[in-house]
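The next block holds one structure in the form of structure tokens; read it before the comments.
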Number of protein chains: 2
Amino acid sequence: MWLSRKGDYGVRALIDLALHDGEGPVQRAGIADRQEIPESYLDHLMALLRRGGFVRSVRGPGGGHLLTRRPEEICLLHVIETLEGSVAPISCVEDGEDCTHDCGLCAQRPVWEEIYQDMRRRLGAVSIADLAERARAQQHARAAHYSI
Amino acid sequence: MWLSRKGDYGVRALIDLALHDGEGPVQRAGIADRQEIPESYLDHLMALLRRGGFVRSVRGPGGGHLLTRRPEEICLLHVIETLEGSVAPISCVEDGEDCTHDCGLCAQRPVWEEIYQDMRRRLGAVSIADLAERARAQQHARAAHYSI
DNA sequence: AGAATGTTGAGCAACTTACTCGACAATAGC
DNA sequence: GCTATTGTCGAGTAAGTTGCTCAACATTCT
């Protein structure tokens with residue numbers, strides 16, 4: 001279980017913003033509440049996301065957070081790398097770097113490299129819009145369930 | 001970088017045993033030396049591998065460690081799961097379990113599930129024999145390099 | 001009996017995670 | 001200009017994890 005709270009919560013926050021896209025700034029308390037994220041912890045994640053260029057913020061009355069790009073343009077790979085750092089299983093598979101020093105890991109390297117490329121491909125093929133769509137469908141299913 | 005020393009070192013130890021398959025018990029000091037693993041730490045990893053059923057040990061003069069199965073029969077997925085525990089990115093993708101409680105992670109779950117299945121497929125397709133072969137080729141390449 | 005091997009529990013230092021707290025900054029409205 | 005309403009951020013904390021080490025012990029062969 002290596003996806004940390006950081007990664008999970010950060011993506012949830014962006015999904016929440018995507019669900020409210022076009023509605024003006026979304027307050028941090030609202031995000032925290034809906035996504036079940038401790039507010040003070042969320043603050044630090046929002047700082048990462050802001051520095052990563054995914055969100056921008058407005059302080060003061062009527063303030064909150066907004067996406068800087070359309071949800072379709074925000075790829076999950078970049079988000080996860082911003083929040084978690086590299087998802088490479090081992091460091092020597094990053095940037096297809098040619099490692100010049102032999103070590104005991106070399107025999108395993110091709111396996112981890114393929115796994116890393118698979119992950120990048122999968123994460124790169126998903127946008128925050130896709131996830132927001134799924135979250136929306138999930139909400140509708142939940143609502144339908146309660147109204148029967 | 002989520003493959004820990006445990007995973008890496010444990011696989012190296014098995015590769016070392018595969019390289020010496022058929023030569024009688026391999027001593028812990030030899031494995032530690034060749035694979036650049038601290039001996040006392042290796043002891044704990046060998047305990048995991050023994051409990052996982054991959055190796056058996058002989059104490060006393062002439063003692064050491066041996067594989068319990070042919071290298072071809074030892075699949076990397078099982079080894080890694082023994083050493084690292086599950087490699088699932090998130091717990092709710094394990095055993096294809098149907099999660100009944102909605103949470104903020106659900107929207108992301110299909111992505112992580114595919115990634116997990118990719119990993120299992122890749123790791124399951126590789127045996128310790130494959131890795132030993134690669135390690136052997138690496139050794140030959142190294143020897144050839146020095147003899148020019 | 002002694003040397004040569006492996007085994008294991010406990011402990012340690014350093015590091016990481018998942019937060020919290022409180023002070024501060026920016027902004028709108030009156 | 002003051003107040004309320006928002007966000008920001010550095011420092012700190014508790015708990016947990018990682019990567020080991022140490023020492024005592026157990027087994028086995030000569």
Side-chain angles (χ1 to χ4, degrees), chain A residues 1-13 16-17 20 23-33 35-52 54-68 83-86 89-91 104-105, chain B residues 1-13 16-17 20 23-33 35-52 54-68 80 83-87 89-91 104-105:
Chain A
M1 267 61 81
W2 48 265
L3 182 76
S4 69
R5 294 284 218 230
K6 248 187 189 179
D8 173 17
Y9 285 168
V11 173
R12 292 192 200 190
D16 198 86
L17 291 180
H20 292 87
E23 296 173 22
V26 184
Q27 290 181 11
R28 56 193 271 286
I31 302 171
D33 190 49
Q35 302 304 327
E36 303 178 300
I37 302 169
E39 241 175 276
S40 46
Y41 191 40
L42 177 66
D43 291 341
H44 289 285
L45 303 179
M46 295 313 294
L48 285 177
L49 291 172
R50 202 168 354 91
R51 285 193 220 106
F54 301 103
V55 302
R56 68 179 175 84
S57 310
V58 182
R59 303 182 195 185
H65 299 281
L66 309 106
L67 294 175
T68 50
L83 294 160
E84 297 270 355
S86 170
I90 59 179
S91 60
L105 240 191
Chain B
M1 264 62 83
W2 48 264
L3 183 75
S4 70
R5 293 285 217 228
K6 245 190 193 174
D8 173 17
Y9 286 167
V11 172
R12 292 191 200 193
D16 199 86
L17 292 180
H20 293 86
E23 295 172 23
V26 183
Q27 290 181 10
R28 56 194 272 285
I31 302 171
D33 190 49
Q35 301 304 328
E36 302 180 300
I37 302 169
E39 241 174 276
S40 46
Y41 192 40
L42 177 65
D43 291 339
H44 289 283
L45 303 179
M46 296 312 293
L48 285 177
L49 291 172
R50 202 166 354 93
R51 284 191 221 109
F54 301 101
V55 301
R56 68 179 176 84
S57 310
V58 183
R59 301 183 195 185
H65 299 281
L66 308 106
L67 295 175
T68 51
I80 291 293
L83 294 161
E84 298 269 357
S86 170
V87 293
I90 59 178
S91 60
L105 240 190

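Only this structure's heavy atoms are used, side chains among them; waters, hydrogens and symmetry mates stay out. Order of the sequence lines fixes the chain letters, A, B, ..., with proteins taken first and strands second; residue numbering starts at 1 for each chain.
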Please tell me if the side chains of B/H65 and B/P25 come closer than 4.5 Å, counting only heavy atoms from C-beta onward. no
Qualifying salt bridge (charged side-chain N to carboxylate O under 4.0 Å, His left out) pairs with a residue from residues 2-11 of chain B, counting only residues at least two apart or across chains: B/D8-B/R12
What is the distance, to the nearest angstrom, from the [atom1] atom on [X] to the [atom2] atom on [N]?
| X | N | atom1 | atom2 | answer |
| --- | --- | --- | --- | --- |
| B/Q27 | C/dA3 | CD | C1' | 13 Å |
| B/R28 | C/dA4 | CZ | C1' | 11 Å |
| B/I31 | C/dT5 | CD1 | C1' | 13 Å |
| B/L45 | C/dT7 | CG | P | 12 Å |

Sequence neighbours excluded, the answer for salt bridge (charged side-chain N to carboxylate O under 4.0 Å, His left out) partners of A/E36 is none
For A/D43, check salt bridge (charged side-chain N to carboxylate O under 4.0 Å, His left out) against everything at least two apart and list the hits. A/R28
Mind checking side-chain hydrogen bond (donor to acceptor under 3.5 Å, both in side chains) for A/S4 and listing every partner two or more places apart, or none if nothing turns up? A/E84
Who are the side-chain contact (heavy atoms from CB on, under 4.5 Å) partners of [X], not counting sequence neighbours?
| X | result |
| --- | --- |
| B/A29 | B/E39 |
| A/S86 | A/A88, A/E94, A/Y116, B/M1 |
| A/R59 | none |

On DNA chain D, which is the earliest and which the latest nucleotide, 5' to 3', with an atom closer than 4.0 Å to a heavy atom of chain A? D/dT5 to D/dA11
For a quick check, with a 4.0 angstrom heavy-atom cut-off, what is the B/S/- contact string for nucleotides 16-30 of chain C, read 5' to 3'? --SBB----BBBS--
